[in-house]
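Everything numeric in this text was worked out from a predicted model, so none of it was measured. Just the heavy atoms: all of them, side chains too, but no hydrogens, waters or symmetry mates, feed the values below.
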Amino acid sequence: MEDQFNKEIQEAIQAANHALACLRQADAYLQSAKNWGLFDMLGGGALTTFFKHSKMDDARYEMERAKRALQGFRKELADVDQRLHLSLEIGDFLTFADYFFDGLIADWLVQSKIQDAKAQVENAIIQVRQIREDLLRYR
């Protein structure tokens with residue numbers, strides 16, 4: 001029984017590692033998009049806009065990967081949660097990732113959405129990292 005529990009903890013740790021990798025990559029793309037967005041707001045021109053949107057597309061892809069990874073982590077965490085009572089609150093991130101890129105109109109709105117997404121990703125990283133540390137103590 002204890003071997004099965006240890007296996008479930010290990011699977012949850014692996015899922016946390018995968019989720020963290022996806023979240024960190026999304027954060028890096030969002031930071032790059034934010035930087036390009038600031039330059040764009042200062043009159044960067046068409047090429048700047050292109051780079052900003054390219055990084056936003058990269059971020060969207062990574063946010064979708066992170067969303068799937070977080071759902072997998074939540075599933076693995078449920079296997080060990082009976083005994084450890086850990087909780088992952090990522091509902092806001094999952095919802096935010098769904099509408100993040102819908103209806104962007106102006107540069108300042110884009111910048112605001114980039115910053116909001118970055119804050120959501122950073123919050124998810126903190127939560128996953130903390131739960132991962134808790135799991136490592138039980139292994």
Nearest atoms (heavy-atom pairs only) where [X] meets [Y]:
X: F73; Y: A12; result: CE1-O, 3.3 Å
X: L135; Y: I9; result: O-CG2, 3.6 Å
X: M63; Y: A26; result: CG-CB, 4.0 Å
X: L30; Y: A59; result: CD2-CB, 3.7 Å
X: A69; Y: A19; result: CB-CA, 3.6 Å
X: E76; Y: A15; result: CG-CB, 3.9 Å

**Request:** Scan residues 21-49 for pairs that pass ring pair (Phe, Tyr, Trp, His ring centres under 6.0 Å), counting only residues two or more places apart or in two chains.
**Result:** W36-F51

**Message:** Return the CE to NZ distance between M56 and K34, rounded to the nearest 0.5 Å.
**Reply:**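 The NZ atom of K34 is 14.0 Å from CE of M56, to the nearest 0.5 Å.
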
**Asked** Roughly how far, to the nearest 0.5 Å, is NE2 of H18 from CG of L70?
**Response** 9.0 Å

**Asked** What's the verdict on side-chain hydrogen bond (donor to acceptor under 3.5 Å, both in side chains) for Q130 and D134, showing C-alpha distance, side-chain angles and the deciding distance?
**Response** CA-CA 6 Å; Q130 180 59 55; D134 292 342; 3.1 Å; yes

**Asked** Who passes salt bridge (charged side-chain N to carboxylate O under 4.0 Å, His left out) against R65, sequence neighbours left out?
**Response**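 Listed in chain order: E62.
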
**Asked** Who pairs with K7 by salt bridge (charged side-chain N to carboxylate O under 4.0 Å, His left out), at least two apart in sequence or on another chain?
**Response**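 Per chain and number, K7 pairs via salt bridge (charged side-chain N to carboxylate O under 4.0 Å, His left out) with E11.
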
**Prompt:** According to a 4.5 Å side-chain heavy-atom criterion applied to Ile, Leu, Val, Met, Phe, Trp and Tyr, with indirect links allowed, do I114 and L38 form part of one hydrophobic cluster?
**Reply:** no

**Prompt:** Same hydrophobic cluster for L136 and L23, using side-chain heavy-atom links shorter than 4.5 Å among ILVMFWY?
**Reply:**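 Yes, one cluster joins them.
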
With sequence neighbours left out, what residues match [X] under side-chain hydrogen bond (donor to acceptor under 3.5 Å, both in side chains)?
X: D27; result: K118
X: E8; result: Q4
X: Q14; result: none

**Item:** Residue from N35, D57, D40 passing side chain to side chain donor-acceptor pair (under 3.5 Å) with K52
**Value:** D40

**Prompt:** Does a side-chain heavy-atom distance below 4.5 Å link V80 with L77?
**Reply:** yes

**Asked** Between D116 and K113, does at least one N-O distance fall below 4.0 Å, as a salt bridge requires?
**Response** no

**Prompt:** Residues in side chain to side chain contact (heavy atoms under 4.5 Å, CB included) with N17, at least two apart?
**Reply:**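 Residues passing side chain to side chain contact (heavy atoms under 4.5 Å, CB included) with N17: I13, R132.
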
